[in-house]
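When a residue number appears, it is its place in the shown sequence, counting from 1. Remember, it's 1-based here, ligands and their atoms both numbered in the order they're listed.
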Amino acid sequence: MTSPVLLQGVPNSPYTRKMLALLRFRRVPYEFLIGVPAAAGMGASMSMPAFRRDGLGAANVGLAPTFYWPDETGALQAVVDSTFIIRRLEREHGRRSVLPSDPVVAFIDYLLEEYADEWLTKSVMHFRWDHARDIEKAGKILPLALDTQLAPEAAEHFTQMFTKRQTGRLHVVGSNEATKTLIESSYVRFLKLLSAHLERHAFLMGARPGASDFAVFGQLTQLTQFDPTPMALALEHAPRVFAWVEHAEDLSGAACTEDDWVKRDSIPDTLLALLTEMGRTYVPVMLANEKALDEGHDEVQTEVDGTTWVQNPFPYQRKCLAWVRDEYGKLSTADRAVVDGLLEGTGCKTLVE
Ligand SMILES: N[C@@H](CCC(=O)N[C@@H](CS)C(=O)NCC(=O)O)C(=O)O
């Protein structure tokens, strides 16, 4: 019997929710420590006594979730980045894979996982820290979600601290006066397109979920289920998506067979429409971000959907783009041709050209 996978994170972190739902679907035993993971050189993790553990290593960056894996000496090493952790879990636990077996379908799944992790997350940050009622709710709940026994004065202190820090960080994800309408309308379009897809398919990847389903789920746990403004938009435009998020939380009982994946020769139009949405926003921003960093500019500026997009360069997202190209590079020549055909007209092809 292998020991449970140990992870630490917080309920309002989209990536934490992505990974918890994935572990449940995969029936991988786990232990979840509620708290803010420690970063190297930044002191201990912030958690309630019940969730404190000795001997947890610290990652270079304190990100939620952090996984702790024993090395050959048994010491717990901190590991971050859900996309890589998903692949490691696949190597260590064989059953109920979330990676489509057909490399062509797996690449589409990878793209949509990227879209959720790197683009939908802009909506999460934007709505939460730009709209008054959302700021108020997150400010109040987030400290208590870490420690339900916080004294009222301490809770108030953290409310002020979190609110100041997060409202001041909106620029990191590119949310500003010039881009807010664009971010909000892209979220509503995404909801409608996902809803249309879910009318005919249980998941993005067909009758069983792929990594992209969990990535989308993670972001939507906050957008449709927690923050008031994007939740109201979901209830108005895509009640089906609201219900889907409630289902995806625990798919431990869902059946999955090899035949349940979408097939490369019958990729649903509704999935291509989601890729086209990705091509409209995520793609130009990721390419412009890369160009700005390569050319040493201190600002990213590009046209997205007829609006000017301005943000600070984001080095991590340049790495993400390189990883997308690595995945594409791993495809055989024949599979690459099939992927190229599928991406034709979606606006996503320039990512890998
Ligand atoms: N790419 C990482 C992202 C994880 C991440 O950004 N987590 C957020 C919470 S949802 C975080 O811990 N942020 C801490 C900070 O920005 O200081 C992943 O996929 O795991």
Would the distance check show the side chain of R336 and the main-chain N or O of G329 forming a donor-acceptor pair, the cut-off being under 3.5 Å? yes
Pairing residues for Y15 by the side chain to side chain donor-acceptor pair (under 3.5 Å) criterion, not counting sequence neighbours: T121
Do side-chain atoms of S195 reach the backbone of K192 as a donor and acceptor pair under 3.5 angstrom? no
Could you tell me the separation between the CH2 atom of W309 and the OG1 atom of T281, rounded to the nearest 0.5 Å? 8.0 Å
If only side-chain N and O atoms count, and only distance matters, is there a donor-acceptor pair under 3.5 Å linking S97 with E90? yes
Collect the protein residues that have a non-hydrogen atom under 4.0 Å from ligand 1 and hand them over in chain and number order. S13, P14, Y15, G62, L63, A64, D81, S82, R165, R169, Y316
Within the 6.0 Å centroid threshold, strictly below: W244 and F242: no
